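Every value quoted in this text rests on a predicted model; they were computed, and no experiment measured them. All values below come from the heavy atoms of this structure, side chains included, with hydrogens, waters and symmetry mates left out.
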Amino acid sequence: MAIERLEFLEILKDSYSAYYNISDVKAPENLPLIFRADYFSRQEKYWIDKKNTIWGNETNEYAYVFSAPEFDKELIKKCIDFALDDALPRVKPHREHQYTNVKVVLVAEHFDEKDVKELTKREFTKSYKFSLHGFTNLLSAAVDLEKQKTYTNRAGYRLADFFKKLFAVREEKT
């Protein structure tokens, strides 16, 4: 049984809002961007007083959620390019920065197998000062609501499990 796209987007937005800051982003008119979700985490250890920091660690993520009835190769490429162009200037590498991931999620009622190869083959990695100041990876996923299947690139393989859980949550509600 296929899931309604708008219903699934509400479940997805609710899921992201638990840990992420949801932002409405101005995208070019030809891109079906629904929202951007920003995640920021900082951990540190100190000795006796907070002024005496032993170490610090920052991890960040920018998730871009796009939705359309269908995506072709060209639209997939444009969505990924927009997400990278928008997120990379936001990365502020420093010695306590571990990573900042750029996550692209495409939600459609149906994906054609040959078009989704554009997404699964697309990879991006950037290191800052030989990874001493962290790195950035592209994690991408295409969610086919008709088949309830998720396609990911190599770095985004964990997204398949995340969406499998969201499909299960939707099944429990009905």
Side-chain angles (χ1 to χ4, degrees), residues 1-39 59-91 99-126 135-174:
M1 181 171 82
I3 300 173
E4 292 289 324
R5 189 163 44 103
L6 295 177
E7 180 184 351
F8 185 77
L9 287 171
E10 285 300 316
I11 293 170
L12 184 60
K13 193 171 190 175
D14 187 46
S15 173
Y16 271 113
S17 67
Y19 296 102
Y20 289 69
N21 300 327
I22 305 296
S23 305
D24 291 327
V25 179
K26 298 285 185 198
E29 288 183 24
N30 58 349
L31 293 181
L33 180 65
I34 304 301
F35 65 89
R36 183 186 79 217
D38 304 339
Y39 174 79
T59 58
N60 307 312
E61 187 169 279
Y62 297 101
Y64 293 82
V65 178
F66 298 90
S67 178
E70 290 186 327
F71 285 89
D72 60 353
K73 284 182 182 181
E74 190 62 33
L75 186 56
I76 291 171
K77 184 181 181 322
K78 285 180 184 178
C79 290
I80 293 173
D81 290 343
F82 172 78
L84 288 172
D85 291 344
D86 188 61
L88 288 178
R90 298 174 192 282
V91 179
Y99 65 83
T100 299
N101 287 333
V102 178
K103 186 186 294 184
V104 177
V105 178
L106 307 174
V107 179
E109 283 139 21
H110 175 72
F111 275 98
D112 198 8
E113 294 282 338
K114 64 181 184 241
D115 291 337
V116 88
K117 285 184 182 179
E118 175 71 30
L119 179 125
T120 58
K121 290 184 177 182
R122 182 77 184 264
E123 294 188 12
F124 178 84
T125 301
K126 182 176 182 175
F135 60 91
T136 297
N137 279 330
L138 171 68
L139 292 80
S140 57
V143 181
D144 188 330
L145 297 176
E146 185 178 287
K147 298 176 188 173
Q148 292 191 6
K149 186 172 180 181
T150 305
Y151 306 92
T152 65
N153 68 350
R154 195 178 320 178
Y157 70 95
R158 290 190 182 135
L159 293 173
D161 292 335
F162 172 73
F163 286 108
K164 200 178 288 185
K165 290 176 186 174
L166 283 184
F167 288 135
V169 165
R170 196 297 187 160
E171 291 296 322
E172 289 174 6
K173 286 185 176 182
T174 58

Quiz item: Quick one: are F82 and V25 in side-chain contact, heavy atoms under 4.5 Å?
Solution: yes
Quiz item: Do you know the tightest heavy-atom contact between N30 and K78?
Solution: ND2-NZ, 3.6 Å
Quiz item: Would you say Y39 and Y16 make side-chain contact, with heavy atoms under 4.5 Å?
Solution: no
Quiz item: side chain to side chain contact (heavy atoms under 4.5 Å, CB included) between T125 and T136: does it pass, once the steps are laid out?
Solution: CA-CA 6 Å; T125 301; T136 297; over 6 Å; no
Quiz item: Is the F167 to F8 ring centre distance short of 6.0 Å?
Solution: yes
Quiz item: Taking atom CG of D86 and atom NZ of K26, what is their separation to the nearest 0.5 Å?
Solution: 13.5 Å
Practice problem: State, yes or no, whether a side-chain contact exists between L139 and L159 at a heavy-atom distance under 4.5 Å. | Solution: yes
Quiz item: So, does T100 use its side chain to make a donor-acceptor pair with the main chain of V91 at under 3.5 Å?
Solution: no
Practice problem: Decide yes or no for K77 and R122: does some side-chain heavy atom of the first lie under 4.5 Å from some side-chain heavy atom of the second? | Solution: yes
Practice problem: Give, for atom CD of E74 and atom CD of E118, the distance between the pair rounded to the nearest 0.5 Å. | Solution: 8.0 Å
Self-check item: Interatomic distance, I80 atom CD1 to L75 atom CG [nearest 0.5 angstrom]
Solution: 10.0 Å
Quiz item: Side chains of Y99 and N137: is there a donor and an acceptor less than 3.5 Å apart?
Solution: no
Exercise. Compare all side-chain heavy atoms of K147 with those of H110 and state whether any distance is below 4.5 angstrom.
Key: yes
Quiz item: Between N153 and L138, is there a donor-acceptor pair closer than 3.5 Å when you use the side chain of the first and the backbone of the second?
Solution: yes
Exercise. Would you check if K13 and Y20 make a side-chain contact, meaning some heavy-atom pair closer than 4.5 Å?
Key: no
Self-check item: Working for side chain to side chain contact (heavy atoms under 4.5 Å, CB included), residues Y151 and E113
Solution: CA-CA 9 Å; Y151 306 92; E113 294 282 338; 2.9 Å; yes
Self-check item: Rounded distance [0.5 Å steps], CD1 in I11 versus CD in E4
Solution: 11.0 Å
Quiz prompt | Over all atoms of both residues, closest heavy-atom pair of V102 and A87 | solution = CG2-CB, 3.6 Å
Quiz item: Are T152 and S140 close enough that some pair of their side-chain heavy atoms sits under 4.5 Å apart?
Solution: no
Quiz item: Would you find more than 12 non-hydrogen atoms of other residues, nucleotides or ligands less than 6.0 Å from R90 atom CZ?
Solution: yes
Practice problem: Pick out which of L31, L33, V105 makes a side-chain contact (heavy atoms from CB on, under 4.5 Å) with C79. | Solution: L31
Self-check item: Approximate separation, where rounding is to 0.5 Å, of I22 CD1 and I34 CD1
Solution: 12.0 Å
Quiz item: What is the minimum heavy-atom distance between F71 and V107, and which atoms define it?
Solution: CE1-O, 3.5 Å
Self-check item: Distance in Å, T150 OG1 paired with L145 CG, rounded so as to fall on 0.5 Å steps
Solution: 9.0 Å
Exercise. Grab the two heavy atoms, one from L119 and one from A142, that are nearest each other, plus how far apart they are.
Key: CD2-N, 3.8 Å
Quiz item: salt bridge (Lys or Arg N to Asp or Glu O under 4.0 Å) between D115 and K117: does it pass, once the steps are laid out?
Solution: CA-CA 5 Å; D115 291 337; K117 285 184 182 179; over 6 Å; no
Practice problem: Go through the steps for I76 and F66 under the test side chain to side chain contact (heavy atoms under 4.5 Å, CB included), then give the verdict. | Solution: CA-CA 9 Å; I76 291 171; F66 298 90; over 6 Å; no
Quiz item: N101 side chain to E61 main-chain N or O, any donor-acceptor pair under 3.5 Å?
Solution: no
Practice problem: Side-chain contact test, heavy atoms from C-beta onward, threshold under 4.5 Å: evaluate it for R5 versus P69 and give yes or no. | Solution: yes
Quiz item: If every non-hydrogen atom of S23 is compared with every non-hydrogen atom of D38, which pair is closest and at what distance?
Solution: OG-OD2, 3.6 Å
